[in-house]
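Heads up, the thing below is written out as structure tokens.
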Amino acid sequence: MEENTVKRTLNFIEQMVEKDLAEGRNNGRIQTRFPPEPNGYLHIGHAKAICLDFGIARNYGGICNLRFDDTNPAKEDVEYVDSIQEDIKWLGYEWANIYYASDYFQQLWDLAVKLIKDGKAYIDEQSAETIAKQKGTPTLPGTESPYRKRPVEENLALFEKMNSGEVEEGAMVLRAKIDMASPNMHFRDPIMYRVIKSYPHHRTGYAWKAYPMYDYAHGQSDYFEGVTHSLCTLEFEVHRPLYDWFIDQFADSDYRPYQTEFNRLNITYTVMSKRKMLQLVEEGIVRGWDDPRMPTICGLRRRGYTPAAIHNFIDKIGYTKYEGIIDVSLLEHAVREDLNANADRASAVLNPIKLILTNYPEGQVEMMEAVNNPEKENCGSHEIPFTKELYIEADDFMEEAPKKYFRLTIGQEVRLKNAYIIKCTGCKKDENGNVTEVYAEYDPQTKSGMPESNRKVKGTIHWVSVEHSLPAEVRLYDRLFLAENLNEEKDRDFRELLNPNSLVINTKARVEPWLKDATHLHNFQFQRIGYFNVDPDSTPDKLVFNRTVSLKDSWAKEVRN
RNA sequence: UGUCCCAUGGUGUAACGGUAGCACUACAGUUUUUGGUACUGUCUGUCUAGGUUCGAAUCCUGGUGGGACAACCA
């Protein structure tokens, strides 16, 4: 055997970390953080950031903390705090510590006071519109606020009032005094604090009325915690100079955090915007954040995706400095790769038609052995009852078959998976010409394992016993979105692009009795149909299966032939 | 008439001055108790024009193209 040393090339962030380690930056310490705002559920895009933040810490002997960036009570909720923790754990990561930006409100306040005393921040009483107007545009410099030269003592007094409740929302803000003519818009006296009184903070209630803004709070939070590598997505690139500016104002040691940006995940046919996902949930277009059509972690989980599959996917896509759009087929491939290796095989007939073996003894039941997973060693097997009357897929029989049809047709032989070779003798039709029953004769010498069973037949089909099989509901999920790239559809209502067939519920399905005992974390491959898991709402009396992903191309090819 | 970031097959990435490689997709073929899986093969790429160099995807310059920035969001 050859040595199994698949050396993955390091991404640019890993290279940077190794360089920092070699040069002893920040005393060779590695510390990252995953900093979600608790204003929605985590989705597959967050998984990319999570794998990076936690992965870097894990691989380089550092630590990664979970920090909730909860500086805007108007949008945040404990529901999200809980789900975020659950999803990170499900992905297989543990944070060293759990922090909240709201834990730093006092420290941030004190530093803001220091900045005011240094003459580097002032209270502006203009309206939001006026301030926006004075900011200028990316190509035109801004103009200075008339309040910019307000005396320090007055600034301090007003800052206190901002937090005491005496000041109405929108009446005043604290701004850093930097440069209204800077080519970087973020340097044009950025807002550090605003007043929010009408929403309680999910942790501090109404204790604070003045809340810090992201640009001020984020870098300082990193600094307070000792973060060495502050990894975020590309859209924060232009914020980095400001991040550094704030650090420069307060850093009092050799240590400092550094921000590095990487590309956000985009997937074809998939919406990754929290705002749009919230809309889908609130308007009842989906059944909730964990609807299996959602790209949320919990939606993917409910659909039967495994953590291994998601890691598999993240490993394939890479981290770069430019935006791209990943083909959803890469995600589906990553899932199939894991499921093919680990999911048990089971028999289910989605669209049943009766097959009667005319020469099989009435009332006889044979237990046929089915290997749980032919791709996996020592995974065991189970038995499926075989009888005279079976259900097969309606699609698996054709009275007049085209040349490349490999399944059941009159006069031809086919194998019943795990059982006998049969020869089709005829069928019965109703007054409309629809086939209602198919007849065949079985060859007793061809049971799986018998010497005669090696005979070549053109196809193999799956089946379940009429008497023993169980009714089940099968939910076939498809892509929710049709647009190739929703970013290009900004001005259009994205709901127009929803795929109306994204969920097809099939209640005719019949499954083998073994599946009654299936736990809902279990994944199955239904023969030639796809990978399924048991829906959490499933009960022993009502079996419900969700399709994780279909088998590669099988139906499409069939249609072509 | 700005600042910052970026540009490798259809898609996603690697090559760190020395043979443009990998994966996905698509299309063929082999194996197969499902047309799945596995394996093999084929197609397709360094945005452009200069420069430096024995040698450039890589370094430099100019174009072109894309993205981010004008929330009291993060």
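Numbered from 1 within each chain, the chains take letters A, B, ... in sequence-line order. Reckoned from all heavy atoms, side chains included, excluding hydrogens, waters and symmetry mates.
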Identify which nucleotide among [options] has an atom closest to any side-chain atom of [X], counting heavy atoms from C-beta outward.
X: A:Glu323; options: B:U33, B:G67, B:C72; result: B:G67
X: A:Lys552; options: B:C72, B:U33, B:A26; result: B:A26
X: A:Thr320; options: B:U13, B:C72, B:C69; result: B:U13

Exercise. For the atom pair OH (A:Tyr41) and OG1 (A:Thr296), what is the distance rounded to the nearest 0.5 Å?
Worked result: 9.0 Å
Seminar exercise, completed: Taken to the nearest 0.5 Å, the spacing of A:Asn342 CG from A:Gln525 CD works out to 12.0 Å
Exercise. If you write RNA chain B from 5' to 3' in dot-bracket form, with Watson-Crick or G-U pairs under 3.5 Å, [ ] for crossing pairs and | for pairs with another strand, what do you get?
Worked result: .((((((..((((....[..)))).(((((.......)))))....(((((..]....))))))))))).....
Problem set entry | Side-chain donor/acceptor of A:Thr409 to backbone N/O of A:Gln412, under 3.5 Å | no
With heavy atoms under 4.0 Å as the rule, sort [X] into base, sugar-phosphate or nothing.
X: A:Gln126; value: base
X: A:Asn263; value: sugar-phosphate
X: A:Ala128; value: base
X: A:His239; value: base
X: A:Asn418; value: base
X: A:Phe236; value: base
X: A:Gln15; value: base
X: A:His462; value: base
X: A:Ser453; value: base
X: A:Leu234; value: nothing
X: A:Ser329; value: sugar-phosphate
X: A:Gly324; value: sugar-phosphate
X: A:Gly40; value: nothing
X: A:Asn184; value: nothing

Exercise. Does A:His333 have any side-chain contact (heavy atoms from CB on, under 4.5 Å) partners at least two apart in sequence or in another chain, and if so, which?
Worked result: A:Lys316, A:Glu337
Exercise. Under the side-chain contact (heavy atoms from CB on, under 4.5 Å) test, which residues partner A:Leu140, sequence neighbours left out?
Worked result: A:Thr137
Under 4.0 Å between a side-chain N/O of [X] and OP1 or OP2 of [N], yes or no?
X: A:His333; N: B:C24; value: yes
X: A:Thr71; N: B:A74; value: yes
X: A:Lys456; N: B:U32; value: yes
X: A:Arg264; N: B:A74; value: no
X: A:Arg188; N: B:C69; value: no

Problem set entry | Check: B:G35 base within 3.5 Å donor-acceptor of A:Arg407 side chain |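 A donor-acceptor contact between them is present.
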Exercise. How far, in whole Å, is B:A28 from B:U64 if one measures between their P atoms?
Worked result: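 One P to the other, the span is 44 Å.
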For this session: May I ask you to check whether A:Tyr214 and A:Phe236 place their ring centres under 6.0 Å from each other?
Result: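 Centroid distance A:Phe236-A:Tyr214: below 6.0 Å, so yes.
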Problem set entry | Under 3.5 Å side-chain donor-acceptor pair for A:Ser182 and A:Asn184 | no
